[in-house]
Amino acid sequence: MTEKRVTVDRDGSLLLIGLNRPEKRNAADVAMLEQLALAYGELDRDDTARVGVVYAHGDHFTGGLDLADVAPRIGPEGLAMVPEGGIHPWGMDGSRVSKPVVLAVQGTCLTLGVELALASDITIAASDTVFAQLEVARAILPFGGATTRFAATAGWGDAMRWMLTGDRFDAAEAHRMGLVQEVVEPGHQLERARELAGRIAAQAPLAVQATLANARLAVREGVAAAEARLPHELVRLAQTEDARIGMQAFLTRTDPEFVGR
């Protein structure tokens with residue numbers, strides 16, 4: 001029986017997804033990749049789960065790919081890692097989880113860990129985190145989104161500085177480039193990620209998902225495509241029960257309790 005490489009737990013409306021191979025610095029073998037994809041699929045389908053929080057058990061977020069396990073599985077079409085019911089965590093097959101994902105990283109965060117930060121919506125890093133996009137030192141190239149997302153996030157020069165050398169950089173540099181949104185004291189990264197995820201989960205979930213989808217549409221298909229979609233989305237959301245709840249809360253100066261309908 002395959003070991004549990006990824007844990008999945010509920011915390012109210014949050015789905016906590018934990019990389020669980022600490023004895024190997026959470027290096028990702030095929031089993032971990034597949035289980036992570038299934039966890040993203042669960043987050044997407046579960047209407048009661050509003051936000052995903054991805055973190056790692058142990059002292060390190062990830063040492064990158066376990067190449068001894070993964071390399072033999074790379075076929076003519078690349079690496080098959082999304083079982084039925086899963087969603088690609090890095091979105092490299094065109095699919096994306098419809099809910100926000102908040103990432104918490106610490107210790108070593110290499111290759112696919114950097115790319116998971118680029119694919120997530122908010123990333124919190126412990127101040128001791130060390131990052132590297134070092135595929136070129138392994139005679140391969142980043143294939144989890146860095147070639148398309150790193151420059152868009154950090155700017156061309158900074159992205160090439162780190163991707164083409166494979167050098168390591170610290171949390172302060174990651175924050176400067178926009179790879180991470182906050183840097184906290186070691187040991188507090190998951191707490192802060194859950195706090196921010198809770199703030200997101202308290203908002204109207206259909207509105208959160210629509211905002212996320214429209215922003216992604218602008219990135220993928222351009223500003224005009226996103227703008228064209230806005231009137232339809234505004235009308236759709238204005239007709240929801242949550243819109244009525246939000247207006248009532250505004251009029252009565254109370255905190256809304258959104259229901260996702």
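- Atom OH of Tyr40 sits about 9.0 Å away from atom CZ of Arg96, to the nearest 0.5 Å.
- A pairwise comparison of heavy atoms in Pro89 and Ala119 identifies O-CB, 3.9 Å as the closest pair.
- Residue-environment remark: CZ (Arg216) exceeds the threshold of 12 foreign heavy atoms within 6.0 Å.
- Environment of CE in Met247: sparse, with no more than 12 heavy atoms of neighbouring residues, nucleotides or ligands closer than 6.0 Å.
- The side-chain hydrogen bond (donor to acceptor under 3.5 Å, both in side chains) with Arg236 is formed by just one residue from the set Glu233, Gln239, His232; it is Glu233.
- Atom CG of Leu141 sits about 9.5 Å away from atom CE of Met163, to the nearest 0.5 Å.
- Side chain of Arg168 to main chain of Ala132: no donor-acceptor pair is present (N/O by atom type, distance under 3.5 Å, no hydrogens or angles).
- Listed for the His175 side chain is a donor-acceptor partner under 3.5 Å among the backbone atoms of Gln181.
- No continuous path of hydrophobic side-chain contacts links Leu38 to Met32 [ILVMFWY only; heavy atoms under 4.5 Å].
- Nearest heavy atoms, Leu110 versus Gly63: CD1-O, 3.6 Å.
- Heavy-atom minimum distance, Pro186 versus Ala126: CA-CB, 3.8 Å.
- Between Asp29 and Lys24 there is no salt bridge, since no side-chain N of the basic residue sits under 4.0 Å from a carboxylate O of the acidic one.
- Scanning for side-chain hydrogen bond (donor to acceptor under 3.5 Å, both in side chains) contacts around Ser95 gives Asp93, with sequence neighbours left out.
- Within the structure, no pair that satisfies the ring-ring contact (aromatic ring centres under 6.0 Å, His included) test touches residues 239-261, not counting sequence neighbours.
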Could you give me the CA-CA distance, side-chain angles and deciding distance for Leu112 and Leu65, then say whether side-chain contact (heavy atoms from CB on, under 4.5 Å) is met?
CA-CA 7 Å; Leu112 62 88; Leu65 284 174; 3.4 Å; yes
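- Checked for salt-bridge contact, Arg194 and Asp11 meet the test: a charged N lies under 4.0 Å from a carboxylate O.
- One hydrophobic cluster, built from ILVMFWY side chains closer than 4.5 Å, cannot hold both Ile87 and Val51; they sit in different ones.
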Is there a side-chain contact (heavy atoms from CB on, under 4.5 Å) between Leu14 and Arg50? Walk through the geometry before answering. CA-CA 6 Å; Leu14 308 183; Arg50 297 185 179 183; over 6 Å; no
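- The CG atom of Leu19 sits 10.5 Å away from atom CD of Gln35, with the distance rounded to the nearest 0.5 Å.
- Put simply, the side chain of His88 gets close to the backbone of Trp90: a donor and an acceptor are under 3.5 Å apart.
- Distance check, rounded to the nearest 0.5 Å: CG of Leu190 to CD1 of Ile124 gives 10.5 Å.
- In this structure Thr252 satisfies the side-chain hydrogen bond (donor to acceptor under 3.5 Å, both in side chains) test together with Thr254, sequence neighbours excluded.
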- Query: So Asn20 and Thr7, side chain to side chain donor-acceptor pair (under 3.5 Å) or not? Walk me through it.
  - Reply: CA-CA 7 Å; Asn20 189 36; Thr7 62; 5.7 Å; no
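- Closest approach of Val180 and Ala125 over heavy atoms only: CG1-CB, 3.9 Å.
- Smallest separation of non-hydrogen atoms from Val6 and Ala39: CG1-CB, 4.3 Å.
- Atom CG of Leu118 and atom CZ of Arg149 lie 7.5 Å apart (nearest 0.5 Å).
- Contacts of His188 classified as side-chain hydrogen bond (donor to acceptor under 3.5 Å, both in side chains), with partners at least two apart in sequence or in another chain: Glu191.
- Every pair passing ring-ring contact (aromatic ring centres under 6.0 Å, His included) that includes a residue from residues 109-143 is listed here, sequence neighbours excluded: Phe131-Phe169.
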For Phe150 and Met160, what are the C-alpha separation, side-chain angles and deciding distance, and is it a side-chain contact (heavy atoms from CB on, under 4.5 Å)? CA-CA 9 Å; Phe150 206 156; Met160 294 307 120; over 6 Å; no
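- Panel note: side chain Gln248, backbone Gly246; no donor-acceptor pair is recorded below 3.5 Å.
- Look at Glu3 and Arg5 and you find a salt bridge, because one of the NZ, NE, NH1 or NH2 atoms lies within 4.0 Å of a carboxylate O, short of that distance.
- Put simply, Ile200 and Leu237 are part of two different groups of oily side chains (I, L, V, M, F, W, Y) that touch within less than 4.5 Å, one to the next.
- A single hydrophobic cluster is not seen to contain both Leu179 and Val53; linkage of ILVMFWY side chains at heavy-atom distances under 4.5 Å, directly or through other members, places them apart.
- Formation of a donor-acceptor pair under 3.5 Å by the Thr62 side chain with backbone atoms of Asn26 is found in this model.
- Under the 3.5 Å distance criterion, the side-chain polar atoms of His60 are left unmatched by any main-chain donor or acceptor of Arg25.
- Enclosure of atom CG in Asp255 is not indicated, since only 12 or fewer non-hydrogen atoms of other residues, nucleotides or ligands lie within 6.0 angstrom.
- Judged as a ring pair (Phe, Tyr, Trp, His ring centres under 6.0 Å), and not counting sequence neighbours, the contacts of His57 are Tyr55.
- Residue pairs meeting the side chain to side chain donor-acceptor pair (under 3.5 Å) criterion with at least one member in residues 109-134, sequence neighbours excluded, are Gln133-Glu135.
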Trace of the side-chain contact (heavy atoms from CB on, under 4.5 Å) decision for Ile17 with Leu36 | CA-CA 8 Å; Ile17 301 170; Leu36 186 60; 3.7 Å; yes
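- Two different hydrophobic clusters hold Val101 and Leu16 under the rule that ILVMFWY side chains link at heavy-atom gaps under 4.5 Å.
- With rounding to the nearest 0.5 Å, the separation of CD in Gln203 from OG1 in Thr211 is 10.0 Å.
- Residues satisfying the salt bridge (Lys or Arg N to Asp or Glu O under 4.0 Å) criterion with Glu182, sequence neighbours excluded, are Arg192.
- Closest non-hydrogen pair, Ala193 versus Ala104, comes out as CB-CB, 3.9 Å.
- When the salt bridge (Lys or Arg N to Asp or Glu O under 4.0 Å) test is applied to Asp158, the partners found at least two apart in sequence or on another chain are Arg176.
- Panel note: side chain Asn214, backbone Ala226; a donor-acceptor pair is recorded below 3.5 Å.
- With a 6.0 Å radius and a threshold of 12 heavy atoms from other residues, nucleotides or ligands, Arg10 has its CZ atom above the threshold.
- Between Lys99 and Asp46 there is no salt bridge, since none of the side-chain N atoms of the basic residue sits less than 4.0 Å from a carboxylate O of the acidic one.
- Among residues two or more places apart in sequence or in another chain, the salt bridge (Lys or Arg N to Asp or Glu O under 4.0 Å) test is passed with Arg261 by Glu241.
- In this structure, Pro142 and Val114 have side chains that are not in contact, with every pair of non-hydrogen atoms separated by 4.5 Å or more.
- Judged as a side-chain hydrogen bond (donor to acceptor under 3.5 Å, both in side chains), and not counting sequence neighbours, Arg45 has no contacts.
- By the salt bridge (Lys or Arg N to Asp or Glu O under 4.0 Å) test, Asp59 pairs with no residue at all, sequence neighbours left out.
- Crowding of Glu257 atom CD: a count of heavy atoms from other residues, nucleotides or ligands under 6.0 Å not exceeding 12.
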